[in-house]
S.K.: 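For reference, the structure I am asking about is given below.
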Amino acid sequence: MTADVSRLRTGSELLAAAGPLADLLLDTVHAGASLGFLESLDRTDATGFWRDQASAVDSGLLAVWVARDTEGVTGTIGVRFGDKPNGRHRAEIVKLMVHRRARGQGLGRTLLTAAEEGATRRGARLLHLDTETGSPAERLYRAAGWERAGTIPDYAADPYGKLHPTTLYYKRVGAAGRGGGADVVTGASGATGAKAGAAAGGTESGAPPGGSGERKGVPYA
């Protein structure tokens, strides 16, 4: 299986993809990754979340990439750029998601690479993110050269309400790290790096339905 990764360049393009992206968000949350949401998330609210991001895309504060295969949307990742004069050299990786049917094929790494290269082209020199401590997503970031900055206890709840710590990561890019690349990436499955990520860039959890809090780990691509 191959996936094409391309950037949504306008708010209109994001609005057009809001439905499939909502389905991806629901799949990710129901698999145990909160990404800021709880188990009660429904399609109306998930679609509304993506529609609310259109203005940020148009203003240039948010860049969004989407992965598609012959069956539709399989993943996404975003970069949120700093809007303050003293922080325009940095950007945050947000909402990295891979659909359960596309995991285990290297798509998480492909999406992460597209976002890093896109942020570098925009002039970012420092990237940062947070992810649930101990989650499989941490393996993805470490394999991609990200550095651990520290951990915050009880940072956010998983979809079932259990609090988990989060670990902060950063990566120097551009003049301080690496750069290059294009806004469209065609990636063969498994061709890039560790088999690690499905829903990173936020707070993930592998707690099973019912809220027992037993850690099973979310499968990552």
Side-chain angles (χ1 to χ4, degrees), residues 3-11 13-14 33 35-36 52-67 75-98 106-133 135-152 155-156 165-187 191-194 196-204 220-221:
D4 291 332
V5 178
S6 60
R7 181 179 167 188
L8 303 180
R9 294 188 170 276
T10 66
E13 289 183 3
L14 178 58
L35 293 168
D52 287 345
Q53 309 310 307
S55 61
V57 170
D58 277 335
S59 70
L61 291 178
L62 177 66
V64 177
W65 286 261
V66 172
T76 187
I77 193 170
V79 176
R80 190 167 292 278
F81 295 93
D83 60 350
K84 296 181 174 58
N86 70 343
R88 289 175 182 155
H89 66 290
R90 68 176 185 262
E92 181 182 9
I93 299 293
V94 296
K95 299 293 185 287
L96 171 54
M97 292 177 258
V98 173
L107 182 55
R109 182 64 177 269
T110 299
L111 286 163
L112 182 59
T113 298
E116 290 176 359
E117 293 178 349
T120 300
R121 285 191 300 278
R122 276 279 302 271
R125 303 192 305 277
L126 178 68
L127 303 180
H128 63 99
L129 60 84
D130 69 87
T131 191
E132 185 190 310
T133 305
S135 70
E138 290 198 82
R139 294 197 297 272
L140 169 63
Y141 299 128
R142 288 195 297 266
W146 287 69
E147 300 287 337
R148 182 181 179 276
T151 299
I152 304 173
Y155 184 78
T166 196
T167 299
L168 309 177
Y169 281 87
Y170 70 92
K171 185 174 185 179
R172 298 185 184 277
V173 294
R178 59 164 183 79
D183 277 344
V184 179
V185 179
T186 301
T192 53
T203 306
E204 289 85 40
Y220 283 75

S.K.: If you round to the nearest 0.5 Å, how far is CD of Glu116 from CZ of Arg121?
M.R.: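 Result: 11.5 Å between the selected atoms.
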S.K.: If you measure from OG1 on Thr166 to CG on Asp130, what distance do you get to the nearest 0.5 Å?
M.R.: 3.5 Å
S.K.: Would you find a donor on one side and an acceptor on the other, under 3.5 Å apart, between the side chain of Asp58 and the backbone of Thr10?
M.R.: no
S.K.: List for me each residue that meets side chain to side chain donor-acceptor pair (under 3.5 Å) alongside Arg90, sequence neighbours excluded, and say none if there are none.
M.R.: none
S.K.: What heavy-atom pair brings Ala67 and Leu107 nearest, and what distance separates the two atoms?
M.R.: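 Heavy atoms of Ala67 and Leu107 come nearest at CB-CD1, 3.8 Å.
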S.K.: Not counting sequence neighbours, which residues clear side-chain contact (heavy atoms from CB on, under 4.5 Å) with Ala115? List them please.
M.R.: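 Partners of Ala115 by the side-chain contact (heavy atoms from CB on, under 4.5 Å) criterion, ordered by chain and then number, come out as Trp65, Ile77, Val79, Ile93.
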S.K.: Can you tell me if Arg9 uses its side chain to pair, donor with acceptor, with the backbone of Val64 under 3.5 Å?
M.R.: no
S.K.: List the steps and the verdict of side-chain contact (heavy atoms from CB on, under 4.5 Å) for Tyr141 and Thr167.
M.R.: CA-CA 11 Å; Tyr141 299 128; Thr167 299; over 6 Å; no
S.K.: Mind jotting down which residue pairs meet the salt bridge (Lys or Arg N to Asp or Glu O under 4.0 Å) criterion with at least one end in residues 140-151? Sequence neighbours excluded, please.
M.R.: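 Matches after skipping sequence neighbours: Glu138-Arg142.
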S.K.: Considering only heavy atoms from C-beta outward, does the side chain of Val94 approach that of Leu129 to under 4.5 Å?
M.R.: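 Counting from C-beta outward, Val94 and Leu129 never come under 4.5 Å.
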S.K.: How far apart are the C-alpha atoms of Thr76 and Leu111, what are their side-chain angles, what is the distance that settles it, and do they pass the side-chain contact (heavy atoms from CB on, under 4.5 Å) test?
M.R.: CA-CA 7 Å; Thr76 187; Leu111 286 163; 5.7 Å; no
S.K.: Okay, side chain of Ser135, backbone of Thr131: is any donor-acceptor separation there less than 3.5 Å?
M.R.: no
S.K.: Do Val66 and Leu8 come close enough that some side-chain heavy atom pair is under 4.5 Å?
M.R.: yes
S.K.: Return the OG1 to CD1 distance between Thr133 and Ile152, rounded to the nearest 0.5 Å.
M.R.: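 That separation rounds to 9.0 Å.
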S.K.: Answer yes or no: is there a side-chain heavy-atom contact under 4.5 Å between Leu168 and His128?
M.R.: no
S.K.: Nearest heavy-atom pair of Gly82 and Leu61: which atoms, and what distance?
M.R.: O-CD2, 4.5 Å
S.K.: Would you compute the distance between atom CZ of Arg172 and atom NE2 of His89 and round it to the nearest 0.5 angstrom?
M.R.: 8.5 Å
S.K.: For the CD atom of Glu117 and the OG1 atom of Thr113, what is their distance to the nearest 0.5 Å?
M.R.: 6.0 Å
S.K.: Under the 3.5 angstrom rule, does the side chain of Lys171 hit a backbone N or O of Ala144 as a donor-acceptor pair?
M.R.: yes
S.K.: Does Arg88 count as lying over the ring of Phe81, i.e. NZ or CZ under 6.0 Å from the six-ring centre, within 45 degrees of the axis?
M.R.: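 The answer is no; the distance or angle limit is not met.
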S.K.: Less than 4.5 Å apart, side chain to side chain, heavy atoms only: is that true for Arg80 and Lys95?
M.R.: no
S.K.: Starting at CH2 of Trp146, measure out to OH of Tyr169 and round the result to the nearest 0.5 Å.
M.R.: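 Spacing of CH2 (Trp146) from OH (Tyr169) equals 11.0 Å.
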S.K.: Step by step, would you call Leu127 with Glu92 a side-chain contact (heavy atoms from CB on, under 4.5 Å)?
M.R.: CA-CA 6 Å; Leu127 303 180; Glu92 181 182 9; over 6 Å; no
S.K.: Can you name the nearest heavy-atom pair linking Arg7 to Arg122, along with the distance?
M.R.: NH2-NH1, 4.3 Å
